[in-house]
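Chain identifiers are assigned alphabetically (A, B, ...) following the order of the sequence lines, protein sequences preceding nucleic acid strands; residue numbering begins at 1 within each chain.
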Amino acid sequence: MGLSTLHNVRFAGMASCVPKRVLSNLEDCAPKLRSERERLVRNIGIHNRRICADWQLFSDLAVDATERLLQELEWQKDEIDALIVVTQSPDYPIPSTAIILQDRLKLSQTTIAFDVNLGCSGYPFGIHLLGSMIAAGTIKKALLLVGDKSASLNDPLFSDAATATALEFDANASPMYFDLNSDGSGYKAIIKPIGGHREPYAIHHGIPYKDAEGELHMPDELILDGPAVLSFSTQRVPPAVVRALDYAGLEKEAVDHFVFHQANRLINETIRKKLGLPTEKVPSTLKDFGNTSGASLPVTMTVCLHDDLAKGKRKVLLSGFGIGLSWGICILDIEGAKFPPLLES
Amino acid sequence: MPTIEQFLENFAVAVDFQEPVEVKAETELASLPEWDSLAALGVIVMFDVDYGKTIVGDDLKNCNTLADLYKLLG
C-alpha cells in the first residue's frame, strides 16, 4: 500500500510516562570502561536513560499515562470504543496486554482491544490502524498505547517509556497522510532469537557465554546488527520522508516539526543532514531519554513540543523506523490537542 | 574525489579516536585501537554524508588497509 490518506480523524491528545529511576551511561558503568564509554556516549548522544523499577512493567506506565490523558480530555471511560497497544513488552506472551488493560482501566467490555507487535517503527502504524477504524465511522473515541520496557543495565541505548494517544472522529479534521513500509528480509538486523517457536527456551539458554571481548552475555539477549540498522535507517528514511511530503503536496518548509524515532545521534543526525533540515525543526530527547522504542515519537513530542503544539495549528511529520525491518511516516495537523507535561512514575 | 590525505583526516574524525593516532594509507584497520563497531558506524556515515557513497558493513570487513577503504570511493 505504502502511501495513503485518512480523513475524519482528529488527534485529540497525548500523554507520556517514564519511570522515575534514572541511569547515567557515564556514571553507572565500570570505571575501567569509562573512557571507552565517553566515546560511545559522544557518538550515540545518550547520556541518561530511564529504567523501570524491578516490579514495574510497560503496562503500569501505560495505565498512568492513560488515566492522566483521559482526565485532561474529560473523556468518560465508557466512551472509549477501541484500545490498541503497540508493544514488544507485553505482560505475558499471551493474552494481549490490551485486553488486560481494558479491565485495569475499567473500560467498557464493548471496547475493541488487541496488541500490535511492532517496536521502534510502531507509532505511525498504530495511528494508521486506529485512525482507519475511526475513519470507517463507527468508532468515535479511541486510545493508542505505545511503548516498551527495553532498558537494561548493560546496553547503553534503550530506555523505558509508555505513551497514550487519543484519536477521535471529527468530520472537520484535516487529512492525515501516511507512508508505511516493511522489509522482512532484514528481520535478523534486530532480533531476540530465543523463546519463540523457532527456538524455544531450553536449559542451555540460561548459561552465559563470553564474546570476543570477554564480556558475558546471555543467549536470549536482543541481537542488534549496528551497521545493518544504520544503513537501513539512513538509506530508507530520507527518501520515505520526501515521498510522503510529495504525496501530501507539501514543501519541507510547510512542516513545523519533523519528529524522528530517537535511535541514536549518528543515525538521527545523518537522516537530518541528508534531508537538509535545520536542527530547530528536529527535536531530540536522546540525551536524557535515550531510545524509548516505539514511544520515542510521543515522548519527544511531550518533552520538546507540548508548549508549541498547544499554541495553535501545527503541521507535524512523524517518522518511525526499526525492528522488522519496518518504517513509516505520518503527516498530520495538530490543533487544540491536550498535552499534559511528562509524567514520572 | 578527495585526496587520500583529506580522506585520512576525515577518517580520523569519523572514528573518533580517544588518543591521537597517526593514520597512513598503508595502516591496517585491525591495528587501530578503536577499530570497532562504533568506528564502523562512523565510517559508513562519513561515506554517506561526506561523499554520497553507500557502503555496508561487509564492504568494511573486506578492507585490510586504509588504502582499501579509500578505493571504495572510486
Side-chain angles (χ1 to χ4, degrees), chain A residues 25-26 29 32-46 154-157 183 185-186 188-190 211-215 217 222-239 263-277 286 291 325, chain B residues 1-3 6-24 27-74:
Chain A
N25 272 342
L26 290 175
C29 86
K32 66 170 183 171
L33 297 176
R34 180 66 185 251
S35 120
E36 190 185 320
R37 190 49 82 87
E38 281 172 4
R39 171 172 169 260
L40 184 68
V41 165
R42 232 180 1 255
N43 285 278
I44 62 174
I46 299 168
N154 299 327
D155 186 299
L157 286 178
D183 180 4
S185 72
K188 287 183 182 169
I190 312 171
D211 67 12
E213 277 83 44
E215 297 291 321
H217 295 277
L222 182 87
I223 297 170
L224 195 150
D225 179 347
V229 174
L230 177 99
S231 297
F232 154 72
S233 311
T234 58
Q235 298 305 318
R236 301 295 187 99
V237 176
N264 67 51
R265 197 189 65 84
L266 268 175
I267 287 177
N268 285 67
E269 275 298 283
T270 305
I271 291 171
R272 187 186 67 75
K273 286 178 188 166
K274 286 180 83 166
L275 284 164
L277 300 173
L286 276 171
N291 179 336
L325 297 164
Chain B
M1 184 131 156
T3 65
Q6 291 166 331
F7 179 77
L8 293 177
E9 213 170 291
N10 263 359
F11 172 84
V13 173
V15 172
D16 188 16
F17 292 108
Q18 291 174 88
E19 305 291 337
V21 173
E22 197 189 351
V23 285
K24 296 178 184 165
T27 303
E28 290 191 2
L29 292 165
S31 73
L32 295 168
E34 274 128 351
W35 185 241
D36 57 8
S37 57
L38 187 63
L41 299 185
V43 169
I44 292 172
V45 166
M46 173 186 86
F47 269 82
D48 190 352
V49 174
D50 296 345
Y51 304 120
K53 178 94 188 168
T54 303
I55 61 164
V56 296
D58 281 346
D59 294 324
L60 295 178
K61 282 181 198 150
N62 295 331
C63 291
N64 289 324
T65 65
L66 275 153
D68 295 336
L69 206 54
Y70 180 66
K71 281 183 205 150
L72 293 177
L73 285 177

For [X], is it the side chain, the backbone, both or neither that has a heavy atom under 4.5 Å from a heavy atom of chain A?
X     : answer
B/V15 : both
B/I55 : backbone
B/V49 : side chain

Can you see which heavy atom on [X] is nearest to which on [Y], and at what distance?
X      : Y      : answer
A/P156 : A/I46  : O-CG2, 3.7 Å
A/A263 : A/L157 : O-CD2, 4.1 Å
B/F7   : B/L66  : CE2-O, 4.0 Å
B/C63  : B/L29  : O-CD1, 3.6 Å

Subject >> Side chains of B/L32 and B/F11 in contact at under 4.5 Å (non-hydrogen atoms) >> reply: yes
Original post:
Below 4.5 Å, heavy atoms only, C-beta onward: do A/V229 and A/I267 meet side chain to side chain?
Top reply: yes
I'd like a table of all donor-acceptor pairs linking chain B to chain A (distance under 3.5 Å, no angle check), giving the atom names and the distance to one decimal.
from: B/V15; atom 1: O; to: A/R39; atom 2: NE; distance (Å): 3.3
from: B/V15; atom 1: O; to: A/R39; atom 2: NH2; distance (Å): 3.1
from: B/D16; atom 1: O; to: A/R39; atom 2: NE; distance (Å): 2.9
from: B/D16; atom 1: OD1; to: A/R42; atom 2: NH2; distance (Å): 3.1
from: B/D16; atom 1: OD2; to: A/R42; atom 2: NE; distance (Å): 2.9
from: B/D16; atom 1: OD2; to: A/R42; atom 2: NH2; distance (Å): 3.0
from: B/D16; atom 1: OD2; to: A/N43; atom 2: ND2; distance (Å): 2.9
from: B/Q18; atom 1: OE1; to: A/S35; atom 2: OG; distance (Å): 2.3
from: B/Q18; atom 1: OE1; to: A/E36; atom 2: N; distance (Å): 3.4
from: B/E34; atom 1: O; to: A/R39; atom 2: NH2; distance (Å): 3.2
from: B/D36; atom 1: OD1; to: A/R39; atom 2: NH2; distance (Å): 3.1
from: B/D36; atom 1: OD2; to: A/R39; atom 2: NH1; distance (Å): 2.9
from: B/D48; atom 1: OD1; to: A/K274; atom 2: NZ; distance (Å): 3.0
from: B/D48; atom 1: OD2; to: A/Q235; atom 2: NE2; distance (Å): 3.2
from: B/D48; atom 1: OD2; to: A/K274; atom 2: NZ; distance (Å): 2.8
from: B/T54; atom 1: OG1; to: A/Q235; atom 2: OE1; distance (Å): 3.4

**OP:** Using heavy atoms and a sub-4.5 Å threshold, report which of residues 67-74 of chain B line up against chain A, by residue number.
**Re:** none
Original post:
For the atom pair CG (A/L266) and CD1 (B/I44), what is the distance rounded to the nearest 0.5 Å?
Top reply: 10.0 Å
**OP:** Identify which part of A/L40 has an atom lying under 4.5 Å from any heavy atom of chain B, answering side chain, backbone, both or neither.
**Re:** both
